[in-house]
Amino acid sequence: MLCAAAGYRAGHWEFATGFDIVRWAAWIALAGCLLSISGLGLGMAGGRPAWLLVAGLAGAVVGATAAYIPWSWQHRYETLPKIHDISTDSDNPPEFVAVVKLRKPGDNTVTYDGREIAQMQRKAYPDLDTFETPQPKDRVFEATKAAVESAGMHIVDADATSGRIEASVASFFFGFVDDVVIRVSATPKGTAVDVRSKSRTGGGDRGSNADNVRRILAQLKARLG
């Protein structure tokens with residue numbers, strides 16, 4: 001399973017091949033877990049070497065964990081909508097500028113995917129909406145930059161004049177990259193913040209882009225009270 005991610009990161013195969021390797025690794029891990037449980041039972045029966053009990057317990061834990069991880073990925077993939085572009089403002093989503101040059105040929109475009117995607121998003125993630133605060137734009141802009149960094153994301157560009165912040169974040173295992181753009185704009189009542197997150201590759205994101213938006217907004221609300 002670790003080789004599947006390492007091979008993709010090194011460019012030896014596409015992510016689809018990596019997923020196939022993970023799928024086979026999960027079945028092997030499940031078989032190892034069952035075999036280890038058998039060893040654990042023999043060890044508890046008495047008259048057996050102590051190492052059999054320890055090895056059975058360790059194997060069961062490692063095998064179950066290795067099998068659970070891809071199962072949880074697959075569960076999220078099947079239960080969440082097959083979208084990879086999330087925005088708190090689907091009518092007028094923030095536009096990517098700086099990260100465009102970081103995307104490779106064959107990556108997803110930065111163009112918003114349209115009304116159908118917006119409808120799917122509202123149904124799956126009704127909690128994602130524009131954040132509004134009575135505080136001034138300058139303060140909110142700086143707080144948003146800090147929120148992005150606290151969320152573990154790398155800031156690519158920050159333009160205080162236009163109120164645009166762009167960042168990127170890579171997933172822990174395969175290193176899939178999501179790009180984020182934030183629009184901080186003054187309103188008659190204070191300041192509005194809209195966040196958009198889009199995957200560079202793949203058709204379904206297993207909820208990662210929605211999680212990116214939530215992390216940023218949670219950090220921002222904590223800073224602004």
Side-chain angles (χ1 to χ4, degrees), residues 1-41 52 54-87 96 99 102-110 113 116-117 120-121 123-125 127-128 148 151-154 156 167-180 195-216 218:
M1 194 176 295
L2 294 176
C3 288
Y8 171 75
R9 285 175 176 264
H12 295 314
W13 48 66
E14 298 296 327
F15 64 85
T17 302
F19 285 156
D20 287 338
I21 296 173
V22 168
R23 188 177 297 111
W24 280 105
W27 285 111
I28 294 171
L30 183 59
C33 177
L34 296 175
L35 182 62
S36 297
I37 291 174
S38 299
L40 182 61
L52 188 61
V54 175
L57 180 61
V61 172
V62 172
T65 302
Y68 171 77
I69 292 173
W71 176 86
S72 65
W73 292 347
Q74 185 65 24
H75 178 70
R76 287 175 66 88
Y77 182 76
E78 292 176 351
T79 55
L80 293 175
K82 308 301 186 293
I83 56 178
H84 55 261
D85 194 351
I86 300 296
S87 176
F96 291 103
V99 301
L102 302 179
R103 296 202 164 205
K104 302 176 183 178
D107 286 352
N108 296 325
T109 68
V110 296
D113 292 334
E116 181 180 355
I117 297 300
M120 294 171 66
Q121 175 192 313
K123 183 177 179 180
Y125 312 113
D127 59 307
L128 301 182
V148 171
M153 302 179 185
H154 169 67
V156 176
S168 60
V169 57
S171 64
F172 173 76
F173 195 69
F174 273 96
F176 295 135
V177 178
D178 296 334
D179 291 317
V180 176
V195 185
R196 179 185 174 195
S197 180
K198 184 167 187 175
S199 302
R200 291 188 187 178
T201 57
D205 64 0
R206 296 175 173 82
S208 66
N209 288 291
D211 290 341
N212 293 337
V213 174
R214 289 191 184 103
R215 291 208 311 275
I216 292 173

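Keep in mind that this is a model prediction, so the values were computed, not measured.
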Subject >> N108 side chain to S199 backbone, donor-acceptor under 3.5 Å >> reply: yes
Original post:
In chain order, what residues pass the side-chain contact (heavy atoms from CB on, under 4.5 Å) check against I117, with sequence neighbours excluded?
Top reply: I83, D113, M120
**OP:** Report the residues that fulfil salt bridge (Lys or Arg N to Asp or Glu O under 4.0 Å) with R200, sequence neighbours left out, ordered by chain and then residue number.
**Re:** D179
Original post:
For S87, what residues pass the side chain to side chain donor-acceptor pair (under 3.5 Å) criterion, not counting sequence neighbours?
Top reply: none
Subject >> Main-chain N/O of V213 paired to S197 side chain as donor or acceptor, under 3.5 Å >> reply: no
Subject >> Any residue meeting side-chain contact (heavy atoms from CB on, under 4.5 Å) with A26, in chain and number order, not counting sequence neighbours >> reply: P70
Original post:
Taking only residues two or more places apart in sequence, or in another chain, which ones meet H154 in a side-chain contact (heavy atoms from CB on, under 4.5 Å)?
Top reply: V156, S168
Original post:
Closest heavy-atom contact between L128 and A210?
Top reply: CD1-CB, 4.0 Å
Subject >> Results of ring-ring contact (aromatic ring centres under 6.0 Å, His included) for W27 - residues two or more places apart only >> reply: none
Subject >> Under 3.5 Å side-chain donor-acceptor pair for T201 and D107 >> reply: no
Subject >> Residues in side-chain contact (heavy atoms from CB on, under 4.5 Å) contact with A67, at least two apart in sequence or another chain >> reply: A29, L30
Original post:
Which heavy atom of Y125 sits nearest a heavy atom of G207, and at what distance?
Top reply: OH-CA, 3.6 Å
Original post:
Does the side chain of V180 reach to within under 4.5 Å of the side chain of V148, using non-hydrogen atoms?
Top reply: no
Extract all donor-acceptor atom pairs below 3.5 Å that involve side chains of residues 31-39 and protein atoms in other chains or at least two apart in sequence.
unit_1, atom_1, unit_2, atom_2, d
S36, OG, G32, O, 2.8
S38, OG, L34, O, 3.2

Subject >> Contacts of D85 that satisfy salt bridge (Lys or Arg N to Asp or Glu O under 4.0 Å) - sequence neighbours left out >> reply: R196, K198
Original post:
So do the side chains of M153 and D178 get within less than 4.5 Å of each other, counting heavy atoms only?
Top reply: no
**OP:** Just grab all the salt bridge (charged side-chain N to carboxylate O under 4.0 Å, His left out) pairs involving residues 54-63, residues at least two apart or on different chains.
**Re:** none
Subject >> From CD (E116) to CD (Q121), nearest 0.5 Å >> reply: 13.0 Å
Original post:
Taking only residues two or more places apart in sequence, or in another chain, which ones meet R214 in a salt bridge (Lys or Arg N to Asp or Glu O under 4.0 Å)?
Top reply: D127, D211
Original post:
What pairs with D20 under salt bridge (Lys or Arg N to Asp or Glu O under 4.0 Å), at least two apart in sequence or on another chain?
Top reply: R23
